[in-house]
Amino acid sequence: MIITNQQKRAVAYLLHEIRPDWPVASLVSLIDKHRDVPSLGALTIAATTKAMEATCKTPAPIFHPGPHWPEAVRAQLPKPPPCEDHIGQDGYTCRSCHADIKAGIRPPDKLGKHHTPENEEEP
């Protein structure tokens, strides 16, 4: 299903009401990049669930696969990109990257992305 402009703006304004720190224009742009969703209802559930999470600082994780999406539509979501450093791990949820971040050897913005620690050289 392709989200219409009116639906996109309605979801953006709803999310902005829940999370005033998420600007409407940014939300509209984000939703526009991910317009092909299983249904408007599924998007609304996933988006409001993520918006209610205090640990979710930006709206980008709304479109990551996960338990915030209704179970009936999870199989219809696009496959997440693979982690660039850890074979077999999804880039958004890579356990190895999370362990590196907790250990302080990977910055949080490198979750699922290639990272060479400063004390190691590139081959």
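- Annotation: the span from I2 atom CD1 to D36 atom CG amounts to 4.0 Å, rounded to 0.5 Å.
- Taken to the nearest 0.5 Å, the NZ atom of K50 stands 9.5 Å off from the OG1 atom of T58.
- Side chains of Y92 and P65 form a contact here, defined as non-hydrogen atoms less than 4.5 Å apart.
- We find the CG-CG distance between N5 and D32 to be 7.0 Å, quoted to the nearest 0.5 Å.
- Atom CG in L111 sits 7.0 Å away from atom SG in C94 (nearest 0.5 Å).
- Of the possible polar contacts, one joining the Q7 side chain to the T4 backbone as a donor-acceptor pair under 3.5 Å is found.
- At least one donor-acceptor pair closer than 3.5 Å links the side chain of Q89 to the backbone N or O of R95.
- Under the 4.5 Å side-chain criterion, counting only non-hydrogen atoms from C-beta, S26 is not in contact with P59.
- In the model, H98 has no side-chain atom that pairs as donor or acceptor with a side-chain atom of S96 under 3.5 Å.
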Would you sort out whether V28 and K33 count as a side chain to side chain contact (heavy atoms under 4.5 Å, CB included), showing the intermediate values? CA-CA 9 Å; V28 168; K33 290 178 186 171; over 6 Å; no
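- Proximity of a side-chain donor or acceptor of H115 to a complementary backbone N or O of K110 within less than 3.5 Å is not detected.
- A pairwise comparison of heavy atoms in P38 and W69 identifies CD-CZ3, 4.4 Å as the closest pair.
- Between V37 and F63, the closest side-chain pair of non-hydrogen atoms falls below 4.5 Å.
- Under the 4.5 Å side-chain criterion, counting only non-hydrogen atoms from C-beta, V24 is in contact with Y13.
- Of the possible polar contacts, none joining the R19 side chain to the T48 backbone as a donor-acceptor pair under 3.5 Å is found.
- For I87, the CD1 atom sits in a loose shell: 12 or fewer heavy atoms of surrounding residues, nucleotides or ligands are nearer than 6.0 Å.
- Residues D85 and K113 approach most closely at OD2-O, 3.5 Å, considering heavy atoms.
- Atom CG of residue L43 and atom NZ of residue K8 lie 11.5 Å apart, to the nearest 0.5 angstrom.
- The heavy-atom pair separating T49 from H68 by the smallest distance is CG2-CB, 3.7 Å.
- Legend: residues meeting salt bridge (charged side-chain N to carboxylate O under 4.0 Å, His left out) with E84, ordered by chain and number and at least two apart, are absent.
- Here CG of D100 is found 11.5 Å from NZ of K102. Values are rounded to the nearest 0.5 Å.
- Between L40 and M1, the shortest heavy-atom distance links the atoms N-SD, 3.5 Å.
- Within a 6.0 Å radius of CZ in R74, other residues, nucleotides and ligands contribute more than 12 heavy atoms.
- Side-chain contact check for I62 versus W22: some heavy-atom pair is nearer than 4.5 Å.
- I18 approaches A51 most closely through the heavy-atom pair CG2-CB, 3.7 Å.
- Here the shortest heavy-atom pairing between A42 and V73 reads CB-CG2, 3.8 Å.
- Put simply, L77 and I31 are part of the same group of oily side chains (I, L, V, M, F, W, Y) that touch within less than 4.5 Å, one to the next.
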